[in-house]
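Scroll down for the structure; my scribbles are underneath it.
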There are 2 protein chains.
Amino acid sequence: MRKQSVSGTPREMKRMNQRLILQTIRRKQPISRTEISEMTSISRTTVSQLIDEMMEEGVVRETGRGSSPTQGGRKPVFLSIDDDSGFVCGLDIGGSSITFVVCNLSGKVVSKEVVSTPVSLGLESLFRLIERFLDNAPVPVERLIGLGVGAPGITRFHDGVVLSAPSLGWTDLPLKEEMEDRFNLPVYVENDVNMAALGECWLGAGKGKRHVVMITVGTGIGCGLILNGDLYRGSRWASGEIGFMVTDSHAVEHWDDPVFSGFGYMESKAGGPAIARQYLRGLKDTDGTLVSNAKDIFDLWRKGDETAGAVIWEANKHLAAGIVNVVVLFDPEVVILGGGLMKSQDLLLPQILKTVKRFAPIQPEIRISQLGDDAGALGAGALVLKEHDCPYQGVL
Amino acid sequence: MRKQSVSGTPREMKRMNQRLILQTIRRKQPISRTEISEMTSISRTTVSQLIDEMMEEGVVRETGRGSSPTQGGRKPVFLSIDDDSGFVCGLDIGGSSITFVVCNLSGKVVSKEVVSTPVSLGLESLFRLIERFLDNAPVPVERLIGLGVGAPGITRFHDGVVLSAPSLGWTDLPLKEEMEDRFNLPVYVENDVNMAALGECWLGAGKGKRHVVMITVGTGIGCGLILNGDLYRGSRWASGEIGFMVTDSHAVEHWDDPVFSGFGYMESKAGGPAIARQYLRGLKDTDGTLVSNAKDIFDLWRKGDETAGAVIWEANKHLAAGIVNVVVLFDPEVVILGGGLMKSQDLLLPQILKTVKRFAPIQPEIRISQLGDDAGALGAGALVLKEHDCPYQGVL
DNA sequence: GTTTGGTTTGTAAAGTTTCCAAACTAACAA
DNA sequence: TTGTTAGTTTGGAAACTTTACAAACCAAAC
């Protein structure tokens with residue numbers, strides 16, 4: 001669907017200028033009216049008028065005065081954004097837990113809660129959880145700008161329908177519509193990995209960057225793409241399916257692993273379950289029934305188990321190759337690694353760094369997630385700010 | 001560098017509306033003023049006024065009238081874009097040949113020339129070639145909107161500097177600046193593969209699509225990315241370096257091929273020279289000195305040479321894996337394959353299709369380039385139209 | 001210490017560009 | 001003639017800009 005270009009109306013023009021001014025303030029605060037005018041090439045008069053309106057709304061405040069310039073002259077009045085003039089609520093619905101967050105315009109968390117996901121999560125029970133959380137949050141309702149929701153599956157952003165979230169048993173769920181009816185607030189729904197990428201971009205390892213790739217390694221391997229400062233979603237909401245990469249050309253002929261149907265090739269080689277399974281297979285005697293997870297294998301390696309080391313090494317080669325592939329295709333400024341397995345980054349990162357250095361013609365920074373488990377919920381908040389129309393837009 | 005957001009002025013507002021109207025006309029022509037007004041939600045008054053101006057400039061023409069609607073009433077006056085009201089010149093500078101093209105707003109070629117690249121291509125000789133071509137083109141100079149140039153190397157679009165084009169011996173060449181001085185026209189410089197992608201998107205296999213990946217397979221393997229209808233360039237003008245993908249996780253430990261230093265891993269496995277070399281190595285007796293190129297190997301396979309078949313098969317596995325990787329990361333609507341090796345598509349395509357079908361969770365269309373060797377030059381023209389400000393913008 | 005001159009900030013008034021709504025004319029069928 | 005649709009004219013509203021000015025401030029001259 002083609003994004004409808006907006007017709008230019010005076011009102012739209014005003015909005016553009018408000019946004020521009022607001023962005024400028026956020027980036028350079030504290031800043032005077034005159035300086036804003038110079039930076040934006042909007043006339044001083046207009047800047048003043050728009051600022052007046054924004055001060056009336058409470059978004060912008062006068063905060064002290066600067067010193068006179070070199071030659072003398074009237075001291076400028078400094079302006080700043082009142083970070084507490086608006087709040088966003090973000091939630092990250094995961095297969096095992098749900099994270100709720102409320103934060104202000106600068107990303108300061110004022111309220112947070114983590115609950116374990118109910119076995120079968122119906123809409124009504126979800127809504128009650130949200131209501132309870134919002135009731136307890138120390139934020140007046142009228143200051144709440146909107147709600148962002150990250151869901152583990154394929155989501156259609158433009159109408160907020162969760163097309164498929166196996167771990168929750170959701171299919172074609174019109175989450176945005178239902179939630180907006182219930183809470184009477186704008187709601188934005190997006191894939192959880194994308195949310196994490198937005199979160200890291202706003203407040204974490206990708207702050208200030210416009211080309212960021214976030215890779216989460218856990219049961220599955222996913223990837224959120226921020227290109228030119230915007231989330232890239234692909235033509236069918238299925239971009240970043242890094243777990244389906246083929247990191248071994250031999251697979252073209254030979255791969256046929258029934259255990260991992262539904263998963264991608266790389267996930268079947270480098271994901272958590274794959275590592276656990278490979279290890280058990282290495283032991284020869286047992287089959288997949290002996291339950292074990294990747295974390296155990298990492299621990300075994302730390303204790304000197306060489307089989308564990310070999311298995312992890314093998315898996316990590318796939319991951320490293322995958323990261324190289326992402327890097328050379330996107331040319332990002334930063335690659336952020338997160339997800340459960342990255343808690344053992346000490347064992348994985350060195351090889352990854354070495355591989356990227358060797359195979360990629362350009363070298364991005366490679367960092368570990370800074371926000372950890374909160375990235376998704378914070379990203380959900382970031383998305384609200386990003387999408388919300390004036391006067392909060394462009395905060396990122 | 002952050003793209004400066006424009007301040008909203010009345011003039012800018014007008015431009016936006018002109019663009020919107022022009023887009024609407026192009027998509028639905030012939031179309032009446034009233035219908036434009038309804039589609040764009042710009043008032044009839046404004047539509048009329050802007051149309052008047054555009055007719056004065058010659059961009060839009062009245063072309064006949066429609067039939068009266070059901071109930072009777074005045075017949076609408078149909079409007080269309082005059083495709084010959086402007087022309088663009090595109091050139092594709094390759095290592096072995098240079099293609100010149102002049103075409104009108106709808107992409108109809110009115111003049112074309114192909115010359116072989118001089119051994120050492122200096123700016124002055126290039127300019128003379130262009131001048132001669134333009135002089136012979138049946139287009140009045142004042143109708144020429146701009147010049148697009150595709151160069152084989154890394155180009156910095158925003159200031160039009162060719163950072164490095166080894167096959168031409170260019171380094172840090174300020175091509176845009178020099179050319180604009182000389183020809184007194186807007187000039188846009190871009191990587192040749194990106195240009196080809198733009199070309200196919202405008203007039204070829206990607207027409208009307210907004211998410212397109214174009215892969216060219218030749219000596220090197222490159223890739224142009226059209227995401228959300230725009231060229232994606234990466235953070236350091238190095239996106240789409242698909243030739244550097246690692247399509248074999250074993251390489252992480254073992255790859256060390258001095259012959260291909262400077263090339264990427266995948267290029268060293270699936271590029272033209274790689275195929276030729278692998279074949280010769282298969283013969284055991286000869287070494288790399290016996291010159292041969294990929295095309296010969298393809299011909300040998302067609303004649304029943306099994307070694308040739310095996311070598312190509314092996315190379316193609318890497319290519320197929322690479323294509324899967326691109327598909328799952330970008331979720332494009334179409335993947336377009338082009339470049340020298342794709343002239344033997346009959347031998348390569350079946351395996352590629354099968355591999356993508358098997359490994360990718362989503363299925364894009366996979367097509368062969370429609371414009372062939374002209375894609376680059378036409379894309380250079382497309383870029384001019386895309387970048388040129390009102391009233392031609394948004395033609396794509 | 002006070003005055004004077006130059007500089008900078010912010011506001012007010014008048015002017016410009018652009019858009020839109022409503023009334024109007026034109027064209028056409030029944 | 002009547003009703004309907006297409007396009008234009010007119011008057012006005014919304015937004016920006018330019019110009020002019022008051023307030024605030026430094027610094028050097030007196």
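Per chain, numbering begins at 1; letters A, B, ... match sequence-line order. Reckoned from all heavy atoms, side chains included, excluding hydrogens, waters and symmetry mates.
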Fill in the blank from the handout: Sorted by chain and number, sequence neighbours left out, ring pair (Phe, Tyr, Trp, His ring centres under 6.0 Å) with Tyr232(B) holds for His211(A)
Handout entry: Partners passing ring pair (Phe, Tyr, Trp, His ring centres under 6.0 Å) against Phe330(B) (at least two apart in sequence or in another chain)
Key = Phe330(A)
Exercise for the section: Please state whether the phosphate of dG10(C), meaning OP1 or OP2, lies under 4.0 angstrom from any side-chain nitrogen or oxygen of Thr34(A). Expected result: yes
Let me know the distance between [atom1] of [X] and [atom2] of [N], rounded to the nearest Å.
| X | N | atom1 | atom2 | result |
| --- | --- | --- | --- | --- |
| Ile51(A) | dA12(C) | CD1 | C1' | 18 Å |
| Arg65(B) | dA29(C) | CZ | C1' | 14 Å |
| Asp52(B) | dT18(C) | CG | P | 14 Å |
| Arg11(B) | dA15(D) | CZ | C1' | 15 Å |
| Glu62(B) | dG7(D) | CD | P | 9 Å |
| Glu53(B) | dC19(C) | CD | P | 9 Å |
| Arg33(B) | dC19(C) | CZ | P | 16 Å |
| Met39(A) | dT9(C) | CE | C1' | 18 Å |

Problem - Within 6.0 angstrom of Asn184(A) CG, more than 12 heavy atoms from elsewhere - result: no
Practice task
Ignoring hydrogens and angles, answer whether the base of dA24(D) and the side-chain atoms of Arg74(A) contain a donor-acceptor pair closer than 3.5 Å.
Solution key: no
Compile the donor-acceptor pairs under 3.5 Å between side chains in residues 48-56 of chain B and protein atoms, sequence neighbours left out, one pair per line.
residue: Glu53(B); atom: OE1; partner: Lys14(B); partner atom: NZ; Å: 3.0
residue: Glu53(B); atom: OE2; partner: Lys14(B); partner atom: NZ; Å: 2.9

Practice task
Identify, with sequence neighbours excluded, every residue that meets side-chain hydrogen bond (donor to acceptor under 3.5 Å, both in side chains) alongside Thr45(A).
Solution key: none
Handout entry: Counterpart residues, side chain to side chain contact (heavy atoms under 4.5 Å, CB included), relative to Val77(B) (two or more places apart)
Key = Arg33(B), Glu62(B), Arg65(B)
Fill in the blank from the handout: B/S/- along nucleotides 16-21 of chain D (protein heavy atoms under 4.0 Å) is SBB---
